[in-house]
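Here is the structure we will look at, set down as structure tokens.
Numbers for residues simply follow the sequence, beginning at 1. All figures in this text were calculated on a predicted structure; none of them were measured in a lab.
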Amino acid sequence: MTEQKYTTILVPVDGSKAAKLAFDRGVEIAKRNHSHLDVLNVIDLNQFTVSFAGMVDASGDVVYQAFEDVSDYLNDLVERAHKAGLNDVSMHVRYGSPRSVIAKEFIKDHGTDLIVMGPTGTNPVERLFLGSVTDYVTRTAPCDIIIAR
């Protein structure tokens, strides 16, 4: 039996408890494999709609503040990875649909061979109407996926 070696690991995070657990698992796997770890947050602009027409705050203040908050969050995670002994870590922020960014776009751009993610991050109502991001990623991503529980 051959041992699987992962070189580029992606951990998508959204601030949830499940994402924190996935991040911790991703750090440990990256350390064992001497891998690069990408930490990604996808900002879905649809969450900022303020009218039925789907208009985003024209000044961009809300989106800018979200980006700043996400950057602070990701910087904290990168610092935690460094304290855990993993130095090959990059943080990324992308705008778009978390489903397609995680399952298709990001992994294509970065050569990801493993995704470590939590079982869910959205609230129950969103899962009911949209389905979970994790479910979509596990069905469509062309690489290995570990669901951290």
Could you list the donor-acceptor pairs under 3.5 angstrom formed between side-chain atoms of residues 140-149 and any protein atom two or more places apart in sequence or on another chain?
unit_1	atom_1	unit_2	atom_2	d
Thr140	OG1	Tyr136	O	2.9
Asp144	OD2	Tyr6	OH	2.7

- Query: What distance separates His34 NE2 from Leu86 CG, expressed to the nearest 0.5 Å?
  - Reply: 10.5 Å
- Query: Are the side chains of Leu21 and Arg25 in touch, meaning some heavy atoms are under 4.5 Å apart?
  - Reply: yes
- Quick one: are Phe106 and Val42 in side-chain contact, heavy atoms under 4.5 Å? no
- Task: Go through the side-chain N and O atoms of Glu79 and Asn75 and say whether any donor and acceptor fall under 3.5 Å apart.
- Result: no
- Item | Residue from Leu114, Asp113, Leu40, Thr112 passing side-chain contact (heavy atoms from CB on, under 4.5 Å) with Ile107 | Thr112
- Apply side-chain hydrogen bond (donor to acceptor under 3.5 Å, both in side chains) to Asn33 and list each qualifying residue two or more places apart in sequence or on a separate chain. none
- Close aromatic pair by centroid cut-off 6.0 Å: His92 and His110: yes
- Just do the salt bridge (Lys or Arg N to Asp or Glu O under 4.0 Å) check on Glu28 and Lys31 with the steps written out, would you? CA-CA 5 Å; Glu28 291 304 315; Lys31 284 172 44 179; 3.7 Å; yes
- Query: What are the two closest non-hydrogen atoms of Ala19 and Asp14, and how far apart are they?
  - Reply: CB-OD1, 3.4 Å
- Task: Over all heavy atoms of both residues, which pair between Phe23 and Val39 is shortest? Give the atoms and the distance, please.
- Result: CE1-CG2, 3.7 Å
- Message: Looking at every non-hydrogen atom in both residues, tell me the closest pair between Val89 and Ala81 and how far apart they are.
- Response: CG2-CB, 3.8 Å
- Message: To check you understand the geometry: which heavy-atom pair defines the closest contact between Ala18 and Pro119, and what is its length?
- Response: CB-CD, 3.9 Å
- Note on the structure: Taking every heavy atom of Ala84 against every heavy atom of Val27, the minimum-distance pair comes out as CB-CG1, 4.0 Å
- What distance do Asp44 atom CG and Ser97 atom OG have between them, rounded to the nearest 0.5 Å? 6.0 Å
- Task: Verify, without hydrogens or angle tests, whether Thr134 (side chain) and Gly118 (backbone) share a donor-acceptor contact under 3.5 angstrom.
- Result: yes
- Between Arg80 and Asp24, is any pair of side-chain heavy atoms under 4.5 Å apart? yes
- Item | Main-chain N/O of Val93 paired to Asn41 side chain as donor or acceptor, under 3.5 Å | no
- Quick one: closest heavy-atom pair of Pro12 and Ile115, and the distance? CD-CG2, 3.9 Å
- Task: Enter the distance from Asp38:CG to Asp88:CG here, rounded to the nearest 0.5 Å.
- Result: 8.5 Å
